[in-house]
Amino acid sequence: MLEEYINIYRDYRSVIENNSSEALNALRESGLQALENADGKALKEYETDFGLNFERYTIQNDPYKLFTCDIPNIGAYLYYVVNDTFYANPQQQPLPDGVIICSLKDAAQSHSELVKPYLGRQMHIKENPDEALNAMLAQDGLFVYVPKNVQIEKPIQLVNLMYGNVDIMAVAHNLIVLEEGAKAQVLVCDHSSGKVKYLANRVTEVFVGQNAVYDHYKVENTNDGMTNICSLLIDQQEGSEVVSNIIALNNCQTLNTIKAGLNAPHASLTLCGMCFLDKNQYVSNDTEILHQKPDTSSFESFKYILDDKSKGNFYGMIKVLPDAQKSVAMQTNKNICISKDAQMRTMPQLEIYADDVKCNHGATVGQLDDTALFYMLSRGISKEEAKMLLMSAFVYDVLEKVRISALKDRLKLLIERRLRKENTSCDSCMICGSKK
């Protein structure tokens, strides 16, 4: 299939470029060259004959009426990317002075001075075939710019909705830039509709300036036909603080790549994730944290709960370079396999090239605590309820890292529903309601 997508790009190159922007078009040749040199097996997820929307046809329905993300009291600035096309909010709330939230394609044309210095700078096009394909095909996505010392009090919510009646591939690129002293929280909600097959290839580049504070949450609640390939790339400057939490509630096949560079002193990162898997679901989290300068800190914790024949993968790399003296890095991956057929593969790793640091890492794969389960049963709690309570307690510390109160409250409810194998769809949504 690799050669097929290369040929499709060559056939439609002028159409792709005419319906995109100069800044995105500048990445395409390097993506093409990298794919021409890549091993075709690296792109086995792309074997389905997916449709691609190079002409940028829009859906007939208004996504803001079609889909309602059900998080009470979140009060977010709400935006939609349907497949890989950004849809402006017709009832856009006023933004703080200087803040820009819009289509990446439009931003690259009207705010090129804000886009060009950053776009593609963190991508690993030669080494990563998924990012190479994104560079070659992406035409749009979300752009967020927060100027110096501006703090956005309300979250920014991006709903990625896969929607159609034929098999569709969406290739999108998001760019988020926080200048010095800025503050913002972004919630990404991944959803899909219908019974067709979907593949999403999304790259999100985040640049966090000096003393800026950024929260990034991704909640996936998709269906059995969804393959989700996501790259989250984070650049941190001096004194910056980043919290990221990647949550898989429901999915089919998900491959997350998270790379963060602590590129200046006193930068700190909290990177967490939770995965709830059953049936034949699969989630892979491939993370890399690079400590480049002194007095940087990172805390990483991923937890998986696996049932039935589901599979999980965690590959976590922390590198502490010679200049990163007095850095602190902590990494854990803990997993519970409910059934004997569930499989978990975990590889936490540390590479330390400095001698004055504090680092540790570890991983566990086990089952529910029989002693705790027996104790709860002896107190009259049903077996199913006891299991749910123990599993909720297992992920509690990761959930507590969520710093949007309305989101945390909603996730508590959705996690309980998920652990009881109940429906986790949004109650008030036309799309989700059709799946019940």
Side-chain angles (χ1 to χ4, degrees), residues 5-6 8-10 12-36 52-56 58 79-88 95 98-148 156 158 160 169-179 182 184 186 188 200-209 214 216 229-235 237 257 259 261 263:
Y5 282 105
I6 291 173
I8 288 173
Y9 171 70
R10 286 174 173 152
Y12 288 89
R13 183 165 188 166
S14 61
V15 175
I16 294 169
E17 292 183 350
N18 290 338
N19 287 283
S20 188
S21 66
E22 179 184 343
L24 283 163
N25 291 340
L27 302 175
R28 302 197 193 284
E29 186 62 31
S30 59
L32 173 62
Q33 292 179 6
L35 289 179
E36 288 176 332
L52 290 152
N53 184 18
F54 295 145
E55 297 279 4
R56 319 313 295 155
T58 58
Y79 302 90
Y80 284 81
V81 170
V82 180
N83 301 328
D84 53 9
T85 301
F86 179 89
Y87 285 74
L95 295 169
V99 173
I100 301 170
I101 306 176
C102 65
S103 156
L104 177 60
K105 171 188 170 183
D106 293 344
Q109 294 169 344
S110 58
H111 303 284
S112 61
E113 76 285 358
L114 300 178
V115 173
K116 284 186 177 181
Y118 298 102
L119 187 65
R121 206 172 83 189
Q122 295 186 70
M123 295 180 73
H124 305 83
I125 294 174
K126 292 182 179 180
E127 297 81 18
N128 188 314
D130 293 312
E131 292 183 24
L133 187 137
N134 188 282
M136 187 174 74
L137 296 180
Q139 294 172 277
D140 200 3
L142 174 74
F143 176 70
V144 176
Y145 172 76
V146 187
K148 182 177 179 179
I156 300 163
L158 170 64
N160 287 318
M169 181 197 299
V171 184
H173 194 126
N174 304 319
L175 178 61
I176 299 168
V177 179
L178 277 68
E179 298 286 8
V186 172
V188 180
N201 176 315
R202 300 186 179 104
V203 169
T204 299
E205 294 184 273
V206 181
F207 294 85
V208 188
Y214 178 71
H216 186 98
I229 301 173
C230 301
S231 294
L232 174 62
L233 312 174
I234 303 171
D235 177 292
Q237 295 304 308
T257 298
K259 295 184 183 293
N263 299 319

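Since this is a predicted model, take the numbers as computed values, not measurements.
No option in Leu35, Asn128, Leu32, Val203 other than Leu35 meets the side-chain contact (heavy atoms from CB on, under 4.5 Å) test with Leu133. Here the options are Gln139, Arg28, Arg56, the test is side-chain hydrogen bond (donor to acceptor under 3.5 Å, both in side chains), and the partner is Ser20; only Arg28 passes.
The two residues Gln122 and Val206 make their nearest non-hydrogen contact at NE2-O, 3.0 Å. Closest non-hydrogen pair, Ile125 versus Ala34, comes out as O-CB, 3.3 Å. Considering all non-hydrogen atoms of both residues, Lys116 and Ala23 come closest at CG-CB, 4.3 Å. Between Ala184 and Val146, the shortest heavy-atom distance links the atoms CB-CG2, 4.1 Å. Residues Arg202 and Ala200 come closest through the heavy atom pair NH1-CB, 3.4 Å.
A 4.5 Å side-chain heavy-atom check between Val115 and Leu175 finds at least one atom pair inside the cut-off. In this structure, the side chains of Arg13 and Glu29 come closer than 4.5 Å at one or more pairs of heavy atoms. By the 4.5 Å heavy-atom criterion applied to side chains, Phe207 and Leu178 are not counted as neighbours. Looking only at side-chain heavy atoms (C-beta outward), Phe86 and Asp106 stay at 4.5 Å or farther from each other. Looking only at side-chain heavy atoms (C-beta outward), Pro147 and Val99 come within less than 4.5 Å of each other. Two residues are said to be in side-chain contact when any heavy atoms from C-beta on lie closer than 4.5 Å; Leu158 and Tyr80 fail this criterion. For the pair Leu142/His173, no side-chain contact is recorded, criterion being any heavy-atom separation below 4.5 Å from C-beta on.
A donor-acceptor pair is defined here as one N or O able to donate and one able to accept, closer than 3.5 Å; such a pair exists between the side chain of Ser30 and the backbone of Leu27. Judged purely by atom type and a 3.5 angstrom limit, Asn18 uses its side chain to pair as donor or acceptor with the backbone of Ser14. In this structure, the side chain of Asp84 does not engage the main chain of Ala172 through any donor-acceptor pair within 3.5 Å. The backbone N or O of Val171 lies less than 3.5 Å from no partner atom in the side chain of Asn201, so there is not a single donor-acceptor pair. Checked by atom type and distance alone, the side chain of Glu131 pairs as donor or acceptor with a backbone atom of His124 at under 3.5 Å.
Ring orientation note: the planes of Phe143 and Tyr145 are close to parallel, at an angle under 30° on the 30°/60° scale.
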Evaluate the side-chain contact (heavy atoms from CB on, under 4.5 Å) criterion for residues Gln237 and Val208: first the C-alpha distance (whole Å), next the side-chain angles of each, then the deciding distance (0.1 Å), finally the verdict. CA-CA 6 Å; Gln237 295 304 308; Val208 188; over 6 Å; no
- Is there a side-chain contact (heavy atoms from CB on, under 4.5 Å) between Leu137 and Tyr9 once you walk through the steps? CA-CA 7 Å; Leu137 296 180; Tyr9 171 70; 4.0 Å; yes
Evaluate the side-chain contact (heavy atoms from CB on, under 4.5 Å) criterion for residues Leu24 and Leu104: first the C-alpha distance (whole Å), next the side-chain angles of each, then the deciding distance (0.1 Å), finally the verdict. CA-CA 9 Å; Leu24 283 163; Leu104 177 60; 4.1 Å; yes
Report task. Under the side-chain contact (heavy atoms from CB on, under 4.5 Å) rule, what do Val177 and Val144 come out as? Steps first, then yes or no, please. Result -> CA-CA 6 Å; Val177 179; Val144 176; over 6 Å; no
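Side-chain contact, Asp235 with Asn263: a donor N or O sits under 3.5 Å from an acceptor N or O. Counted by atom type alone, Asp140 and Thr85 present zero donor-acceptor pairs between their side chains at under 3.5 Å.
Atom CD1 of Ile229 is separated from atom CE of Met169 by 8.0 Å, given to the nearest 0.5 angstrom. Rounded to the nearest 0.5 Å, atoms CG (Leu114) and CG (Leu119) are 12.0 Å apart. In this structure, the separation between CZ on Arg10 and CE on Met136 is 9.0 Å, given to the nearest 0.5 Å. The structure places SG of Cys230 at 10.0 Å from CG of Asp130, a figure rounded to the nearest 0.5 Å. To the nearest 0.5 angstrom, Cys102 atom SG is 9.0 Å from Tyr79 atom OH. Note: Met123 CE to Arg121 CZ = 14.0 Å, rounded to the nearest 0.5 Å.
Residues Phe54 and Tyr12 place their aromatic rings such that the two centres sit under 6.0 Å apart.
Within a 6.0 Å sphere centred on CD of Glu22, heavy atoms belonging to other residues, nucleotides or ligands number 12 at most.
Glu205 has no carboxylate O lying under 4.0 Å from a charged side-chain N of Lys259, or vice versa, which leaves the two without a salt bridge.
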